[in-house]
2 protein chains.
Amino acid sequence: MTSTDDRLARRQVDKFSERRRQLADAALQTLATQGYARTSLRDIAKDSGFSVGVLHYYFRDKVELITDCVRRYKAACVERYDAIAAHATDPETLLRDAGDGLAATLEQDALLHRLWYDLRAQSLYEESFRLDVADIDASLERMIWRIVTAYAGLVGVEPRCTPGLAYAAFDGLFGQALLRHLSGDADALDDLRAGTRVLLERLV
Amino acid sequence: MTSTDDRLARRQVDKFSERRRQLADAALQTLATQGYARTSLRDIAKDSGFSVGVLHYYFRDKVELITDCVRRYKAACVERYDAIAAHATDPETLLRDAGDGLAATLEQDALLHRLWYDLRAQSLYEESFRLDVADIDASLERMIWRIVTAYAGLVGVEPRCTPGLAYAAFDGLFGQALLRHLSGDADALDDLRAGTRVLLERLV
DNA sequence: GAGGTTCTTGGACGAGCGTCAAGAATTCCT
DNA sequence: AGGAATTCTTGACGCTCGTCCAAGAACCTC
């Protein structure tokens with residue numbers, strides 16, 4: 001009989017991956033507040049309430065832990081951005097919803113987005129992150145493209161730019177807004193909304 | 001007589017700041033190839049041909065050295081980007097020159113630009129860099145705005161966007177192009193040229 | 001060339017890092 | 001209940017880091 005073994009194995013796997021998830025979430029939290037370069041395993045352990053050794057029990061090394069964090073960040077990203085999906089039935093509403101959506105996630109998850117720009121910059125130096133980062137970039141590009149095509153559809157035209165250009169422009173806009181928001185610029189969110197509107201109108 | 005003292009002081013100051021320049025340049029080189037988080041004083045010393053102690057003779061601590069490097073990077077940036085100044089007398093030529101200029105500096109100074117994105121991300125965590133980074137950002141924004149207004153002038157209209165939005169969009173475009181270029185994407189430079197053209201046409 | 005200033009070296013220091021292993025503590029199954 | 005399997009703690013390891021200092025080299029002035 002393998003059914004008992006299976007059940008056993010499954011239960012153990014579940015517990016194992018549940019603890020992994022727990023630790024990775026704590027690590028993601030620590031990474032977001034301290035940044036990649038300034039986060040040590042001891043910091044993560046302290047924040048998670050476990051000891052340092054347990055991190056090496058559930059993750060082979062630091063790279064595997066961080067990579068797992070990045071993947072979890074990606075999942076959070078996709079989920080978060082899908083909420084900005086364009087449900088609007090007229091162009092004006094979509095323009096407003098898109099700007100509000102970007103501004104809302106910028107404000108609520110500022111530290112996670114900061115971590116994203118940090119990790120993307122690090123991926124230019126550390127080969128090991130590059131694939132996951134490219135994966136996240138691609139999903140963000142699709143998210144932007146959904147908004148662009150939705151707006152174009154409501155206006156009744158075809159987009160006049162590539163998905164890559166649209167994402168690049170919005171990414172730059174978002175990055176600058178994040179920089180200013182974290183520096184205490186009170187106009188950052190409103191400028192992001194206004195910029196979103198202008199970019200959408202001009203790019204389609 | 002103070003003339004001798006003055007001469008002496010000046011000569012020593014000159015030697016002192018000359019050595020500082022030499023060390024900071026070496027440090028900038030090392031930073032560009034290894035990234036901020038992975039560059040130690042020993043790496044810089046090795047690359048410069050001096051010992052570690054001499055770095056502390058000319059710079060109070062690591063922060064002062066890195067800050068000096070960032071300032072020198074800024075000077076190089078301004079000089080470099082001024083070369084993309086718009087001399088064109090017709091819109092079409094300017095569109096081509098701007099795209100070529102951005103693509104050229106991306107290709108020639110890819111590692112320095114990579115360092116820029118690294119340092120800008122780090123400035124979101126380390127307060128000490130933030131002012132210098134904001135300074136560089138502002139000068140880059142002015143550079144982009146010169147191109148935008150020059151194009152608008154040749155077309156005979158007023159720009160229909162803010163300097164901040166224009167810079168954000170171009171910065172995003174440039175950043176994505178750098179990411180792809182460093183990842184070995186052969187189309188990155190051409191896409192940057194094409195994207196520059198589209199952005200300029202749409203934003204004015 | 002002596003004497004004083006400036007420059008440079010090389011190594012020591014303590015702290016923090018990732019990693020790891022031995023064993024204690026806990027959980028699980030029969 | 002008790003033995004087996006697991007989960008977790010503790011502490012040590014070798015290493016690199018920024019910083020600092022004593023000593024000597026190089027240089028300049030008289």
Side-chain angles (χ1 to χ4, degrees), chain A residues 1-27 30-31 34-69 122 125-126 128-129, chain B residues 1-27 30-31 34-69 122 125-126 128-129:
Chain A
M1 284 305 275
T2 60
S3 71
T4 355
D5 291 356
D6 284 353
R7 192 157 36 79
L8 180 68
R10 206 176 318 113
R11 183 182 53 75
Q12 285 169 352
V13 163
D14 285 352
K15 276 194 68 173
F16 190 80
S17 54
E18 163 62 18
R19 184 64 93 211
R20 256 178 83 104
R21 189 201 55 77
Q22 192 174 346
L23 291 173
D25 279 353
T30 307
L31 280 171
Q34 299 190 205
Y36 170 71
R38 284 157 292 286
T39 299
S40 71
L41 290 183
R42 284 166 176 83
D43 294 330
I44 296 174
K46 181 165 293 183
D47 286 7
S48 74
F50 289 94
S51 66
V52 194
V54 82
L55 289 173
H56 271 88
Y57 182 77
Y58 287 97
F59 299 91
R60 192 182 316 119
D61 53 18
K62 194 184 182 186
V63 170
E64 185 178 299
L65 172 58
I66 304 289
T67 301
D68 200 77
C69 285
Q122 298 317 306
Y125 295 95
E126 303 213 6
S128 48
F129 294 166
Chain B
M1 282 307 276
T2 61
S3 72
T4 347
D5 290 355
D6 284 354
R7 192 156 36 79
L8 180 67
R10 205 176 319 112
R11 181 180 53 73
Q12 284 170 353
V13 164
D14 285 353
K15 274 193 72 174
F16 189 80
S17 54
E18 163 61 20
R19 183 66 92 211
R20 255 179 85 101
R21 189 201 58 75
Q22 193 175 346
L23 291 173
D25 279 354
T30 307
L31 280 171
Q34 299 191 205
Y36 170 71
R38 285 157 292 284
T39 299
S40 70
L41 291 183
R42 285 167 176 81
D43 294 329
I44 296 174
K46 181 167 291 182
D47 286 7
S48 73
F50 289 93
S51 65
V52 194
V54 81
L55 290 173
H56 273 86
Y57 183 79
Y58 288 97
F59 298 91
R60 191 182 316 120
D61 53 19
K62 194 185 182 185
V63 171
E64 184 177 300
L65 170 59
I66 304 289
T67 301
D68 201 77
C69 285
Q122 297 318 305
Y125 295 96
E126 304 214 7
S128 48
F129 294 166

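In what follows, chains are A, B, ... by sequence order, proteins preceding strands, each numbered from 1.
- Annotation: side-chain hydrogen bond (donor to acceptor under 3.5 Å, both in side chains) contacts involving residues 41-53 of chain A, sequence neighbours excluded, comprise A:T30-A:D47, A:Q34-A:D43, A:S40-A:D43.
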- Query: So A:V63 and A:E126, side-chain contact (heavy atoms from CB on, under 4.5 Å) or not? Walk me through it.
  - Reply: CA-CA 10 Å; A:V63 170; A:E126 303 213 6; 5.6 Å; no
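- Note that the CD1 atom of A:I44 and the CG atom of A:L23 stand 9.5 Å from one another [nearest 0.5 Å].
- What separates CG of A:L55 from C1' of C:dT19 is a distance of 12 Å, to the nearest Å.
- Shown here are the ring pair (Phe, Tyr, Trp, His ring centres under 6.0 Å) partners of A:F129, two or more places apart in sequence or in another chain: A:Y36.
- Atoms CZ (B:R60) and P (D:dG18) sit 17 Å apart, rounded to a whole Å.
- Atom OG in B:S128 sits 11.0 Å away from atom NZ in B:K62 (nearest 0.5 Å).
- Nucleic acid contact for B:Y58: sugar-phosphate only, since backbone atoms but no base atoms lie under 4.0 Å from a heavy atom of the residue.
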Identify each atom pair where a protein N or O and an N or O of nucleotides 23-25 of chain D are less than 3.5 Å apart, giving names and distance.
none

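- Contacts between residues 44-51 of chain A and DNA chain C, defined by a heavy-atom separation under 4.0 Å, are absent.
- In this structure, the CZ atom of B:F16 is 11 Å from the C1' atom of C:dT6, given to the nearest Å.
- Atom-to-atom, CZ of A:R20 to P of D:dC8 comes out at 14 Å; the value is rounded to the nearest Å.
- A search for side-chain hydrogen bond (donor to acceptor under 3.5 Å, both in side chains) contacts involving B:D25 returns B:R21, not counting sequence neighbours.
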- Can you check each nucleotide of nucleotides 11-18 of chain C against protein heavy atoms at under 4.0 Å and return B for base, S for sugar-phosphate only, - for none, in 5' to 3' order? -B----BB
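- Here A:Y58 pairs with A:F16 under the ring pair (Phe, Tyr, Trp, His ring centres under 6.0 Å) rule; sequence neighbours left out.
- Helix bend of the helix from C:dG1-D:dC30 to C:dT30-D:dA1: the angle between its two end axes, each built from five pairs, comes to 10° after rounding to 10°.
- Following rounding to the nearest Å, A:Y57 (OH) and C:dG23 (P) show an atom-to-atom distance of 18 Å.
- Note on A:R19: a side-chain N or O is less than 4.0 Å away from OP1 or OP2 of D:dC8.
- Atoms CG and CD1, from B:L31 and B:I66 in turn, are 4.5 Å apart once rounded to the nearest 0.5 Å.
- Here the closest heavy-atom approach between residue B:A24 and residue B:F59 is recorded as CB-CZ, 4.3 Å.
- Distance B:E64 CD to D:dG18 P: 15 Å, rounded to the nearest Å.
- Counting only heavy atoms from C-beta outward, the side chains of B:L41 and B:H56 approach each other to under 4.5 Å.
- The side-chain hydrogen bond (donor to acceptor under 3.5 Å, both in side chains) check on B:E64 picks up B:R20, B:R60, with sequence neighbours excluded.
- Evaluation of the ring pair (Phe, Tyr, Trp, His ring centres under 6.0 Å) rule for A:F50 yields no partner, not counting sequence neighbours.
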